[in-house]
J.: 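Take a look at this one; I'll ask things after.
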Amino acid sequence: MTLTVASWNVNSIKARLPNVIEWLEDAKPDVACLQEIKTVDEAFPREEIERLGYNIEAHGQKTYNGVAILSRHPIEDVQARLPGDDEDEQARYLEAVISAETGPVRVASIYLPNGNPAPGPKYDYKLAWMERLYAHAGRLLAYEEPTILAGDYNCIPRDSDCWDMAEWEKDALALPQTRAAFRALKWLGYTEAFEQVDGRGHQYTFYDYQAGRWQKGHGIRIDHLLCSPQAADRLEGVDIQRATRGKPKASDHIPIVGTFAL
DNA sequence: ATGTCGTGCTGCGCACGA
């Protein structure tokens, strides 16, 4: 059996609904982790997506942030919010267990803080959030399950993951501390799916709407699938689905889809 | 290069976040 697990920052589920529906019909991911749904759960366009055969769990808020998990298989043990700060009201983390045919697969939909401008309180929040993710991701490894932490990490891992490092070296997405915190997740025992099966430079998942970035090929790779050993062992391929970015009313992010023998 | 989107209201243009 194969299980495909996708991550896509849709930049508003309501504004993006036609694009999301077309993508679900075309790519047919088994599991889709969405970010920046930008809506409260009550206003999530549930029926339109359920009609395509998906179960839905959402953790949203008004205007900003918001994450969701869509799955063709049953969704269990849903956990919203990243542990470690009860004061944190931003909807950036949703975790659940997917009952795949071969057994349980844990997935999380992650919208990691942007952190700009850096330095400053927003960057402090980003680094603190990454520390909380580190602590939680470490605890998840103890389950020894296939686990996929999918999301918009707002981290450019390597110089070759952007078109021009000179434009990014002082940005919260590429600062050494950001990269170190991302690497720390890997040292825990998580495998970054794209790096594992492909690893080429300049395979971008985000192109800013501004300044004709898409037309110029000026993108960055910031959407990632982090796999526990039990998921990494089953990883067969990763696809960055560039065609979605060229569609009318596209999100500024591109879906990344991992295929697992699960 | 202050360029483009999406949201929501101090609302029919603006501020904010990205």
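This one's a predicted model, so the numbers in the text were calculated from it and none came from an experiment. A note on names: the letters A, B, ... follow the listed sequences, proteins ahead of strands, and every chain is numbered from 1.
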J.: Return the value, rounded to whole Å, for the distance between atom CD of A:Q35 and atom C1' of B:dA18.
T.: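 Between C1' of B:dA18 and CD of A:Q35: 14 Å.
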J.: What pairs of nitrogen or oxygen atoms, one from the protein and one from nucleotides 1-3 of chain B, lie under 3.5 Å apart?
T.:
none

J.: Taking the six-membered ring for Trp and the single ring otherwise, decide whether the centroids of A:H253 and A:Y207 are under 6.0 Å apart.
T.: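 Ring-ring flag for A:H253/A:Y207: false, centres at least 6.0 Å apart.
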J.: Assess whether a salt bridge exists between A:R179 and A:D159, defined as any Lys/Arg side-chain N lying under 4.0 Å from an Asp/Glu carboxylate O.
T.: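 Yes, A:R179 and A:D159 are salt-bridged.
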J.: What's the gap between B:dA1 and B:dC14 when it is taken at their C1' atoms, as a whole Å value?
T.: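 Here B:dA1 and B:dC14 have their C1' atoms 23 Å from each other.
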J.: Could you tell me the separation between the CG atom of A:D223 and the P atom of B:dA18, rounded to a whole number of Å?
T.: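 Value for this atom pair: 15 Å.
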J.: Can you check whether A:P83's main-chain N or O pairs, donor with acceptor, with A:R132's side chain at less than 3.5 Å?
T.: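 A pair under 3.5 Å: yes.
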J.: Using whole Å, what does the distance between atom P of nucleotide B:dC16 and atom CG of A:N116 come to?
T.: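 The answer, rounded to whole Å, is 17 Å.
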J.: NE2 of A:H218 versus P of B:dT4: gap in Å, rounded?
T.: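 In whole Å, B:dT4 P and A:H218 NE2 are 17 Å from each other.
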J.: Between A:N9 and A:D208, name the one whose nearest nucleotide on DNA chain B is closer to the 5' end.
T.: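 Between the two, 5'-proximity favours A:D208.
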J.: Going through the checks in order, is the side chain to side chain contact (heavy atoms under 4.5 Å, CB included) test met by A:K126 and A:N154?
T.: CA-CA 9 Å; A:K126 177 181 191 141; A:N154 269 314; 3.7 Å; yes
J.: Within the distance-only criterion (no hydrogens, no angle test), does the side chain of A:R72 pair as donor or acceptor with the backbone N or O of A:Y54 below 3.5 angstrom?
T.: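 Absent.
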J.: Look for any protein N or O under 3.5 Å of an N or O in nucleotides 6-8 of chain B and output each such pair with its distance, or none.
T.:
| from | atom 1 | to | atom 2 | distance (Å) |
| --- | --- | --- | --- | --- |
| B:dG6 | OP1 | A:R16 | NH1 | 3.0 |
| B:dG6 | OP1 | A:R16 | NH2 | 3.3 |
| B:dG6 | O3' | A:S12 | OG | 3.3 |
| B:dT7 | OP1 | A:S12 | OG | 2.3 |

J.: Taking only the C1' atom of each, what is the distance from B:dT7 to B:dC12 in whole angstrom?
T.: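 The same atom, C1', in both gives a distance of 15 Å.
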J.: If I pick the C1' atom on B:dG6 and the same atom on B:dG11, what distance separates them, to the nearest angstrom?
T.: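 Their C1' atoms lie roughly 16 Å apart.
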J.: Using the rule side chain to side chain donor-acceptor pair (under 3.5 Å), only one of A:E76, A:Q79, A:Q230, A:E95 pairs with A:R106; which is it?
T.: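 Option passing the side chain to side chain donor-acceptor pair (under 3.5 Å) with A:R106: A:E95.
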J.: What integer number of Å spans the C1' atoms of B:dG3 and B:dT10?
T.: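 So the two C1' atoms sit 27 Å from each other.
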J.: Could you point out which residue of A:H224, A:R200, A:K186 forms a side chain to side chain donor-acceptor pair (under 3.5 Å) with A:E195?
T.: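 Per the side chain to side chain donor-acceptor pair (under 3.5 Å) rule, the option paired with A:E195 is A:K186, out of A:H224, A:R200, A:K186.
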J.: Starting at CZ of A:R245 and ending at P of B:dT4, how long is that distance when rounded to a whole Å?
T.: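 Rounded to whole Å, this separation is 13 Å.
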J.: Is the A:W163 ring parallel, tilted or perpendicular to the A:H218 ring (thresholds 30°, 60°)?
T.: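 Answer is parallel, since the angle falls under 30°.
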J.: Taking any heavy-atom pair under 4.0 Å as a contact, classify A:F206: base, sugar-phosphate, or nothing.
T.: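 Touches nothing.
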J.: Please report the closest heavy-atom contact between A:I13 and A:L34, naming both atoms and the distance.
T.: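 Answer, listing the atom of A:I13 first, then A:L34: CD1-CD1, 4.1 Å.
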